[in-house]
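The structure appears below as structure tokens.
Just the heavy atoms: all of them, side chains too, but no hydrogens, waters or symmetry mates, feed the values below. Bear in mind that the values here come from a model prediction, so they are computed numbers and not experimental data.
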Amino acid sequence: MTNISDDRVKVHFCMEIDEDGWPPASVESLWAVDLVDGRVRLDKTPWFVRRVSSGDVIRVQPDDDGVLWAGETVQPSQSCTIRLIVLKDNGSAAARQSVLEVFDRLGTTGEGIARFGMWPWTSRRRQTC
């Protein structure tokens, strides 16, 4: 199990790659707070994993090597994940920045992967998703 502090762990999610090759990986790893009882609270906005968001409590199961694999969501947070791919001006830095500014004013947190032109954000109001 990979730790960056005593209570944070890496949780691995299996993903199916579609016929178009998306997502670009079959596993995504997210940092989470270890709740010690076989559950974790996600502490990172997912890039590709669907149906989870930062703050969700997830049941985990370690494999024989101690790697934590995600199971069911046992307590959803009040957040949702929004993913955008900026197409304006071919995803130029200025176009990406304008989107970042709009979402920042909405009280969201997020980051981008320039390689895919994608920016996932976490909104604290699940009902808006």
Side-chain angles (χ1 to χ4, degrees):
M1 170 166 39
T2 305
N3 290 358
I4 63 169
S5 72
D6 290 339
D7 66 340
R8 290 181 45 152
V9 294
K10 218 35 135 142
V11 177
H12 304 273
F13 290 80
C14 290
M15 301 180 296
E16 290 189 34
I17 299 173
D18 68 19
E19 61 279 353
D20 296 324
W22 194 260
S26 61
V27 174
E28 181 174 2
S29 302
L30 299 173
W31 286 110
V33 175
D34 189 355
L35 301 177
V36 183
D37 58 357
R39 300 175 308 135
V40 299
R41 183 181 322 99
L42 294 180
D43 195 30
K44 178 88 171 87
T45 300
W47 294 104
F48 304 107
V49 177
R50 303 288 183 181
R51 295 179 292 283
V52 297
S53 192
S54 181
D56 289 358
V57 175
I58 308 290
R59 190 170 317 282
V60 293
Q61 181 68 43
D63 66 14
D64 291 340
D65 296 320
V67 174
L68 295 179
W69 291 94
E72 67 180 327
T73 299
V74 294
Q75 182 178 354
S77 65
Q78 293 301 307
S79 299
C80 68
T81 299
I82 302 164
R83 293 172 183 86
L84 295 177
I85 297 178
V86 179
L87 300 175
K88 182 180 178 182
D89 299 330
N90 292 319
S92 69
R96 293 189 316 258
Q97 186 60 39
S98 68
V99 171
L100 288 172
E101 290 169 2
V102 168
F103 273 81
D104 184 57
R105 288 192 302 268
L106 295 173
T108 63
T109 60
E111 55 188 312
I113 303 178
R115 175 179 172 195
F116 301 111
M118 187 172 91
W119 278 257
W121 282 274
T122 297
S123 169
R124 291 183 196 93
R125 292 176 277 161
R126 184 175 290 273
Q127 66 273 14
T128 63
C129 294

Would a hydrophobic clustering, with Ile, Leu, Val, Met, Phe, Trp and Tyr connected at side-chain separations under 4.5 Å, put [X] with [Y]?
X: V57; Y: V60; value: no
X: V11; Y: M15; value: yes
X: W22; Y: L87; value: yes
X: I58; Y: L35; value: no
X: V74; Y: L42; value: no

### Query
Is a donor on one side and an acceptor on the other found under 3.5 Å between the side chain of E28 and the backbone of W47?
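Side chain of E28 to backbone of W47: a pair is present.
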
### Test item: D18 side-chain N/O and G21 main-chain N/O as donor-acceptor pair under 3.5 Å
yes

### Query
In chain order, what residues pass the ring pair (Phe, Tyr, Trp, His ring centres under 6.0 Å) check against W69, with sequence neighbours excluded?
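Partners of W69 by the ring pair (Phe, Tyr, Trp, His ring centres under 6.0 Å) criterion, ordered by chain and then number, come out as H12.
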
### Query
Considering residues at least two apart in sequence or located in another chain, which fulfil the ring pair (Phe, Tyr, Trp, His ring centres under 6.0 Å) criterion with F13?
none

### Message
Within the 4.5 Å heavy-atom criterion, are V52 and T73 side-chain neighbours or not?
### Response
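Yes, close enough: below the 4.5 Å cut-off.
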
#### Entry: Heavy-atom side-chain contact between V40 and V33 under 4.5 Å
no

### Query
Are S77 and D56 close enough that a side-chain donor and a side-chain acceptor fall under 3.5 Å?
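Yes - a donor-acceptor pair under 3.5 Å links their side chains.
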
### Query
Are S53 and T81 linked by a side-chain donor-acceptor pair shorter than 3.5 Å?
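Judged by distance alone, the side chains do pair up.
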
What's the separation between atom [atom1] in [X] and atom [atom2] in [Y], rounded to the nearest 0.5 Å?
X: R59; Y: R39; atom1: CZ; atom2: CZ; answer: 7.5 Å
X: L68; Y: D34; atom1: CG; atom2: CG; answer: 7.0 Å
X: Q75; Y: R41; atom1: CD; atom2: CZ; answer: 8.0 Å

### Query
Could you go step by step and tell me if R83 and I85 meet the side-chain contact (heavy atoms from CB on, under 4.5 Å) rule?
CA-CA 7 Å; R83 293 172 183 86; I85 297 178; over 6 Å; no

### Counterpart residues, side chain to side chain donor-acceptor pair (under 3.5 Å), relative to E19 (two or more places apart)
none

Count the heavy atoms belonging to other residues, nucleotides or ligands that lie under 6.0 Å from [atom1] of [X], then report whether that count exceeds 12.
X: D20; atom1: CG; result: yes
X: N90; atom1: CG; result: no
X: E101; atom1: CD; result: yes

### Task
Taking all non-hydrogen atoms of both residues into account, name the closest pair between S54 and D43 and its distance.
OG-C, 4.0 Å

### Query
For the residue pair P23 and I17, what are the closest heavy atoms and their distance?
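Scanning both residues, the minimum pair turns out to be O-CG1, 3.5 Å.
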
